[in-house]
Amino acid sequence: MNILDGKALSQKIKEEVKLETQKLQAEKNITPGLAVILVGNDPASAAYVGMKSKACKDAGIYSIVHEMPETISQESILEILSMMNKNPNIDGILVQLPLPKHIDTTAILEAIDPKKDVDGFHAYNVGRMTSGLDAFVPATPYGVMELLKEYNIDPQGKDVCVVGASDIVGKPMGTLLLNANATVTTCHIYTKDLKAHTSKADIICVGAGVVNLIKEDMVKEGAIVVDIGINRLDNGKLVGDVDFENVAPKCSYITPVPGGVGPMTIAMLLKNTIKAAKMRESREK
Ligand code: GUN
């Protein structure tokens, strides 16, 4: 069994991003800028945003967090987005999800300039990615693809089971794997027999938010298991969706939680912000 070490790879990527930031600064006098919108008091969202801001700072990326109360109106969020869309020093815009129930999330995501959409959640980027065109790719599935690449795991021709079909993880994960010529099965809460699908898979990518969803008897010998879940137990411990202790011995490769996909997500967000900053001149024209 080998560990897919997302912590180590993310550190390498963050160093590369830092060098690119310095180069953009030296050659074009551009400081990449990221605007983050955080609505409400969800502690997990606040923690993620804090980690994103720190990572920006470490990499030499300017970042600003617009914190808004839970009761904020949709119009007020749209106003801030409009300002950020127009601000030439802001290259990337990110609205931390989930948003409060009275806010129409799709309308908010669609109001972001697609050329600043570093989360890749705007339909423009979703469509371009699905068509295999250059696009902003959502950071978590993008991070998984980079992690597989780092360990020379080529999804081409492999049977891959994606568990979870969310817009920000499962769906784009399946799309990227399909673009990489994998045979993809996506399972979700309505799937009749999850084990029937996972136990056939060469690669399992699970992001369902269910503790111990993937157990030993659901994984074939030698499989590659990528755990995209992040769950906090009552005792404060962070775990994924895989029963790591019992599943790991059967795997050829597996990601730990923490230290697997999580740190990759932040590294890929930084990479997307640099990509957006490099587009600054074409955007301004
Ligand atoms: N909430 C959970 N994951 C994400 C993410 O990748 N981006 C944003 N904006 N919100 C999230």
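When a ligand or atom number is given, it counts from 1 through the structure's own listing order. These values consider heavy atoms only, across backbone and side chains, with no hydrogens, waters or symmetry-generated copies.
- Side-chain atoms of Lys215 come within 3.5 Å of backbone N or O of Asn212 as a donor-acceptor pair.
- In this structure the side chain of Lys278 reaches within 4.5 angstrom of the side chain of Ile274, judged on heavy atoms.
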Distance-only check: which donor-acceptor pairs under 3.5 Å involve side-chain atoms of residues 216-227, not counting sequence neighbours?
from	atom 1	to	atom 2	distance (Å)
Asp217	OD2	Lys195	NZ	3.4
Lys220	NZ	Asp202	OD1	2.7
Asp227	OD1	Gly229	N	3.0
Asp227	OD1	Asp241	N	2.9
Asp227	OD2	Asp241	N	3.0
Asp227	OD2	Val242	N	3.0

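- Applying the side chain to side chain donor-acceptor pair (under 3.5 Å) criterion to Asp134, with sequence neighbours excluded, gives Lys275.
- When the side chain to side chain donor-acceptor pair (under 3.5 Å) test is applied to Asp113, no partner is found at least two apart in sequence or on another chain.
- Annotation: Asn41, atom CG; neighbour count of heavy atoms from other residues, nucleotides and ligands within 6.0 Å does not exceed 12.
- Residue-level contacts of ligand 1 at the 4.0 Å heavy-atom threshold are Lys52, Leu94, Val95, Gln96, Leu97, Asp119, Phe121, Ile168.
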